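First the structure, in the form of structure tokens, and then the observations on it.
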Protein chains: 2
Amino acid sequence: MPGLPPRQLGAYFALVEAASLLQHAVEQQLKADGDLSYIQFQLLMRLFGADGRLTMTELADGVVYSRSGLTYQAGLLEKAALITRAPDPRDDRATVVTITDAGRERIDRVLPGHVELVRRLVFAPLSDQDVSTLGDLMGRVRDQMRAEPPRSAAPRKRSQRNRDARDSR
Amino acid sequence: MPGLPPRQLGAYFALVEAASLLQHAVEQQLKADGDLSYIQFQLLMRLFGADGRLTMTELADGVVYSRSGLTYQAGLLEKAALITRAPDPRDDRATVVTITDAGRERIDRVLPGHVELVRRLVFAPLSDQDVSTLGDLMGRVRDQMRAEPPRSAAPRKRSQRNRDARDSR
DNA sequence: TATTGTTATACTCTATAACTATA
DNA sequence: TATAGTTATAGAGTATAACAATA
């Protein structure tokens, strides 16, 4: 790949391939153990860690890239009785999402296998020091991406549509 | 997340979120600049780096998780005239995939923006030393995952009906 | 018998645009 | 006018199973 020094190239490829393998393995595990997609798991975990209730937009943040995508996933979770949706008393435009007991149970059911898998796939070959370092590096990369104006440097020439969708969040 | 020490938890979350953001940003760029999905880009890159021709199974390795998925993507690339498929003279079961001039041109068109994006999103906040370290750590994680018995250890898949029946008890 | 690849099919997910309703 | 959320719909991608041909 011209334009990227070998060191960076290697790091980039390792990152991409590892992330792809990890995502695939995790999806298998969540599906098998609790019939959840990764996104559904993330949404439930977010509610789990937020004392149970969040508004749709709060819930979406960082997990899903379109409003309708969240509505779709929330619809599935609601149909499975893992969450409920109700109007927000404080803002009649918003809807508050609440995790149900069944939702918590589903997380409880899935989590041990998930933790075990992550431990085996990503942390097994790393020392405690390595883990700290990795957390630091990836944390910086993540923060960089969060801070990036998503489309700013993308060539203006081609499609205006893609940009609009992202920018509107 | 019970069962995972805070350090590991932080590293895991940073990794997952960064990977998700990166994937999304890269897909936008490839689509906008060259009308390619990430997978199609990876397949073309693989051919690009392999002196032009590979067998379907060689091509699939590490990029795609099912045979039919590769056939589908190869079909799209062939329809776009970025690759050709022909019987392998050395093994009549196999088919050899070859990148076309148009395929190379497409890569040439997409690569500058891609490199620029990756540089900005992942390498900007890292020193040269950091990059080496990251490459080392993620390389080890990747190798660990490659070594894992992919499906053999997973519990036999149940049918959807069985799962429903059990869940409703 | 095992392997390579394709096809048929059904399913999941994503995203745009149009819409309602409230701030 | 802007924001929160839903719906309709269309398209992209994925995976399993059945299949044909070759090793």
Side-chain angles (χ1 to χ4, degrees), chain A residues 20 23-24 27-28 30-32 35-43 54-61 63-80 83-97 150-151 159-169, chain B residues 20 23-24 27-28 30-32 35-43 54-61 63-80 83-97 150-151 154 156-161 163-164:
Chain A
S20 168
Q23 190 188 355
H24 194 254
E27 265 163 14
Q28 302 269 115
L30 293 173
K31 189 92 200 309
D35 201 31
L36 292 175
S37 72
Y38 204 168
I39 287 189
Q40 289 161 12
F41 173 69
Q42 286 177 297
L43 295 175
L54 286 175
T55 197
M56 289 288 279
T57 353
E58 290 164 351
L59 190 54
D61 184 44
V63 175
V64 130
Y65 297 95
S66 75
R67 291 181 170 288
S68 63
L70 178 60
T71 297
Y72 171 75
Q73 294 293 341
L76 294 182
L77 289 172
E78 191 175 46
K79 198 158 59 183
I83 65 167
T84 59
R85 279 183 289 185
D88 185 340
R90 282 193 278 233
D91 184 339
D92 279 340
R93 294 172 304 181
T95 103
V96 174
V97 181
R151 300 279 90 225
S159 142
Q160 183 64 41
R161 295 223 314 289
N162 293 335
R163 228 158 305 131
D164 291 345
R166 265 222 97 145
D167 291 348
S168 68
R169 267 183 284 117
Chain B
S20 168
Q23 190 189 356
H24 195 254
E27 264 163 14
Q28 300 271 115
L30 293 173
K31 189 89 199 311
D35 199 31
L36 291 176
S37 72
Y38 204 169
I39 288 189
Q40 289 160 12
F41 173 70
Q42 286 177 297
L43 295 175
L54 286 175
T55 196
M56 288 288 278
T57 352
E58 290 164 352
L59 190 55
D61 183 46
V63 176
V64 130
Y65 297 95
S66 74
R67 291 178 170 287
S68 62
L70 178 60
T71 298
Y72 172 75
Q73 294 293 342
L76 294 182
L77 289 172
E78 190 176 44
K79 199 156 60 183
I83 64 167
T84 60
R85 279 183 288 186
D88 186 340
R90 282 192 284 225
D91 183 340
D92 279 340
R93 294 171 304 182
T95 103
V96 175
V97 181
R151 296 302 297 121
R156 233 172 106 70
K157 272 178 59 177
R158 287 162 292 154
S159 74
Q160 183 63 46
R161 261 196 313 288
R163 221 169 7 236
D164 290 347

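Throughout, protein chains are lettered first and strands after them, A, B, ... in sequence-line order, and every chain is numbered starting at 1. Keep in mind that what you see is a predicted model, and the values were worked out from it rather than measured.
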Legend entry - Length of the CG-P vector between A:Asp88 and C:dA23, whole Å: 10 Å

Legend entry - Below 4.0 Å: OP1/OP2 of D:dA12 and any side-chain N or O of B:Gln40: no

Legend entry - Rounded interatomic separation in angstrom, taking CG from B:Leu59 and C1' from C:dT4: 14 Å

Inset, instruction - For B:Gln28 and C:dA15, give me the distance from atom CD to atom C1', rounded to whole Å. - result: 10 Å

Inset, instruction - Could you pull out the closest heavy-atom pair between B:Met56 and B:Val97, with the gap in Å? - result: SD-CG2, 3.5 Å

Inset, instruction - Treat primed atoms plus P, OP1 and OP2 as sugar-phosphate and everything else as base, then score nucleotides 2-8 of chain D 5' to 3': B for base contact with protein heavy atoms under 4.0 Å, S for sugar-phosphate contact only, - for none. - result: -BSBBBB

Inset, instruction - Round to a whole Å and report the spacing from NZ of B:Lys31 to P of D:dG11. - result: 12 Å

Legend entry - Heavy-atom closest pair, residues B:Val63 and B:Leu59: CG2-O, 4.1 Å

Legend entry - Spacing between B:Ile39 atom CD1 and D:dG13 atom P, to the nearest angstrom: 8 Å

Which side-chain N or O atoms in residues 70-77 of chain B pair as donor and acceptor under 3.5 Å with protein atoms at least two apart or in another chain?
| unit_1 | atom_1 | unit_2 | atom_2 | d |
| --- | --- | --- | --- | --- |
| B:Thr71 | OG1 | B:Arg67 | O | 3.4 |
| B:Gln73 | OE1 | B:Gln40 | NE2 | 3.0 |

Inset, instruction - Specify the separation, in whole Å, of atom CZ of B:Arg90 and atom C1' of C:dG5. - result: 18 Å

Legend entry - Min side-chain heavy-atom separation B:Leu30-B:Glu27 under 4.5 Å: no

Legend entry - Note, A:Leu43 side chain near A:Ile39 side chain (heavy atom, < 4.5 Å): yes

Inset, instruction - Would you mind classifying the nucleic acid contact of A:Leu76 as base, sugar-phosphate or nothing, using non-hydrogen atoms under 4.0 angstrom? - result: sugar-phosphate

Legend entry - Protein-nucleotide distance (B:Leu54, atom CG; C:dT4, atom C1'), rounded to Å: 15 Å

Legend entry - Distance below 4.0 Å between A:Gln73 side-chain N/O and C:dT12 OP1 or OP2: no

Inset, instruction - Check ring-ring contact (aromatic ring centres under 6.0 Å, His included) between B:Tyr65 and all other residues, then give those that pass, not counting sequence neighbours. - result: A:His24

